[in-house]
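Quick notes on the structure that follows.
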Amino acid sequence: VLANLFTGRLKPMRNIVTIVFSFTGFLFVIYNLYLYFEGKLEDKIYNIPFAFFTLQFGFDLYGLVFAALITLLWGIAAAYSFSYMGTNYPEKSDGLFQFSYSLSVFFVFCFAFAKNLITMFVIYECLTIATIALVGFKRNEEVKKGLFTYLAVLFFCSFLLLLPAILYIEFNVGSIAFDGIGTGFIGRFGIEETTLKILLFMLVIGVGKAAFFPFHIWLPSAMVAPTP
């Protein structure tokens, strides 16, 4: 990620480092997929405690497949962006753009291995912040308005819909781990069907990047970015 801040004569080295790391990351994930199917992958949860919550990460099949796609596409898209940015924006330094792009990929990679809802939420917000430099690269008035809409909608959905739903599940069910949620255990805690439907709505719409109506308005605003 830090290598992408290099510009000028160091650009070729930066580009090579990015491609090498993406390829290495892809091989790492493929190796762990092999271990998973061989039954040799350790089923372990890695905890990172904070004051009021704990981030949890771990390997599972869905996360590994998602991570394989991320690392594969990272290298392809990065190689394209080097040429695209150099051709279309030769007067601008793309160091911050490439840094933010790689940082976004890093957070998506972490997202793949999140093991509970609060970890997903924290990584999701980090991803939103990491993309600010991508959307706001041109730094003109149109971009500023688009960036404001982008952040306003995503933070609104996250903090007024997604986070309250997560907290409700935590305090009324006692667990926000994906393993439990995946078995449908929430419905066994006496929560009314109407409440479950509302929770589902808040969880789905709260992920604002999915661009569900009527919170899709950030999407055309974010197209002020130099690349989709």
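Because the structure is a prediction, the values reported are computed rather than measured.
Under the side-chain contact (heavy atoms from CB on, under 4.5 Å) criterion, Phe53 pairs with Phe50, Leu55, Ile118, Val122, sequence neighbours left out. Looking at residues two or more places apart in sequence or on another chain, you find a side-chain contact (heavy atoms from CB on, under 4.5 Å) between Leu203 and Leu162, Ala165, Ile166, Ile169. For Leu35, the side-chain contact (heavy atoms from CB on, under 4.5 Å) criterion is met by Tyr31, Asn32, Lys40, Leu41, not counting sequence neighbours. Applying the side-chain contact (heavy atoms from CB on, under 4.5 Å) rule to Phe155 yields the partners Glu125, Thr128, Ile129, Leu151, Phe159; only residues at least two apart in sequence or on another chain are considered. With sequence neighbours excluded, the residues forming a salt bridge (charged side-chain N to carboxylate O under 4.0 Å, His left out) with Lys197 are Glu193, listed by chain and number.
Hydrophobic clustering, with ILVMFWY side chains joined whenever heavy atoms are under 4.5 angstrom apart, keeps Phe21 apart from Leu69. Hydrophobic clustering (side-chain heavy atoms under 4.5 Å, transitive across Ile, Leu, Val, Met, Phe, Trp, Tyr) groups Ile132 together with Leu154.
With hydrogens and angles ignored, the 3.5 Å screen pairs a side-chain donor or acceptor of Thr71 with a backbone N or O of Ala68. Listed for the Asp60 side chain is a donor-acceptor partner under 3.5 Å among the backbone atoms of Tyr62.
One finds the OG1 atom of Thr18 at 12.0 Å from the CZ atom of Phe99 (value rounded to the nearest 0.5 Å).
Annotation for Val20: hydrophobic cluster partners, listed by chain and number, are Ile16 (ILVMFWY side-chain heavy atoms under 4.5 Å, direct or chained).
Partner of Phe109 under the ring pair (Phe, Tyr, Trp, His ring centres under 6.0 Å) criterion, out of Phe107, Phe111, Phe106, Phe113: Phe113 alone.
Counting non-hydrogen atoms of other residues, nucleotides and ligands closer than 6.0 Å to OH of Tyr46 gives a total above 12.
Side chains of Phe121 and Leu117 form no contact here, defined as non-hydrogen atoms less than 4.5 Å apart.
Here the shortest heavy-atom pairing between Leu127 and Ser104 reads CD1-O, 3.5 Å.
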